[in-house]
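Contents: one structure, followed by commentary.
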Amino acid sequence: MSKKQSVWEDISDTPEEAANMKMRSALMVGIVQRVEEMEGTQAEKAERFGLTQPRLNDLLKGRIGKFSLDALVNLAVRVGMKVELEIKAA
């Protein structure tokens with residue numbers, strides 16, 4: 001029996017899906033922290049980052065299924081984050 005390393009491995013159907021979800025969740029956590037540190041209303045922050053207020057609300061509520069990995073990378077850059085990818089052998 002293999003040891004699971006994250007909740008995503010427990011609830012995902014494939015290792016590929018688990019890897020994607022782990023990356024998306026890490027990006028979301030970082031983006032949310034960054035956005036919450038900023039001054040202004042949710043509507044002001046949304047406008048600053050080229051989002052609608054409901055879309056920002058989805059992000060802040062952790063609705064991970066509404067965001068692709070690509071969209072989260074783009075948003076991370078917009079909020080002033082540096083995104084790096086580390087690839088390791090399994």
Side-chain angles (χ1 to χ4, degrees):
M1 178 185 283
S2 67
K3 183 178 174 186
K4 302 285 184 169
Q5 294 183 6
S6 78
V7 67
W8 298 116
E9 292 176 14
D10 290 333
I11 64 173
S12 297
D13 293 329
T14 65
E16 297 84 0
E17 181 183 9
N20 187 284
M21 295 300 286
K22 286 182 347 186
M23 292 168 74
R24 286 164 50 197
S25 65
L27 277 165
M28 283 187 82
V29 168
I31 294 166
V32 167
Q33 288 174 344
R34 183 83 170 184
V35 169
E36 288 179 343
E37 291 171 355
M38 297 175 174
E39 297 289 324
T41 66
Q42 204 175 90
E44 291 168 341
K45 292 175 188 180
E47 184 176 336
R48 190 176 315 150
F49 303 122
L51 300 172
T52 63
Q53 188 277 327
R55 183 82 168 144
L56 180 60
N57 189 54
D58 286 339
L59 179 79
L60 297 175
K61 296 289 184 183
R63 296 184 180 118
I64 196 167
K66 294 190 175 232
F67 295 89
S68 68
L69 184 56
D70 188 50
L72 290 166
V73 168
N74 293 338
L75 186 54
V77 172
R78 274 190 242 147
V79 300
M81 299 174 73
K82 180 179 178 182
V83 179
E84 295 181 348
L85 175 65
E86 181 179 349
I87 302 172
K88 301 177 187 177

Please check if L27 and V29 belong to a single hydrophobic cluster, counting links between Ile, Leu, Val, Met, Phe, Trp and Tyr side chain heavy atoms closer than 4.5 Å. no
Hydrophobic clustering (ILVMFWY, side-chain heavy atoms < 4.5 Å, transitive) - are I31 and M38 grouped together? yes
Please answer whether the main-chain N or O of S68 pairs with a side-chain N or O of R24 as donor and acceptor at a distance below 3.5 Å.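 Judged by distance alone, no pair lies under 3.5 Å.
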Got a sec, which residues hit side-chain hydrogen bond (donor to acceptor under 3.5 Å, both in side chains) with [X], two or more places apart in sequence or on another chain?
{"X": "R48", "value": "none"}
{"X": "R55", "value": "none"}
{"X": "E16", "value": "T14"}

Result block: side-chain N/O donor-acceptor pairs under 3.5 angstrom for residues 73-85, not counting sequence neighbours:
unit_1: N74; atom_1: ND2; unit_2: D70; atom_2: O; d: 3.4
unit_1: R78; atom_1: NH1; unit_2: F49; atom_2: O; d: 2.7
unit_1: K82; atom_1: NZ; unit_2: E84; atom_2: OE2; d: 3.1

With rounding to the nearest 0.5 Å, note down the distance linking CG in D58 to CD1 in I64.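 D58 CG to I64 CD1: 12.5 Å, rounded to 0.5 Å.
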Approximate separation, where rounding is to 0.5 Å, of M28 CE and K66 NZ: 11.0 Å
Applying salt bridge (charged side-chain N to carboxylate O under 4.0 Å, His left out), which residue pairs with at least one partner in residues 33-46 are found, sequence neighbours left out?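 Those involving residues 33-46 do not exist here.
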Side chain to side chain contact (heavy atoms under 4.5 Å, CB included) involving Q42 - partner list, sequence neighbours excluded: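 Checked Q42 against side chain to side chain contact (heavy atoms under 4.5 Å, CB included); matches are Q53, L56, N57, L60.
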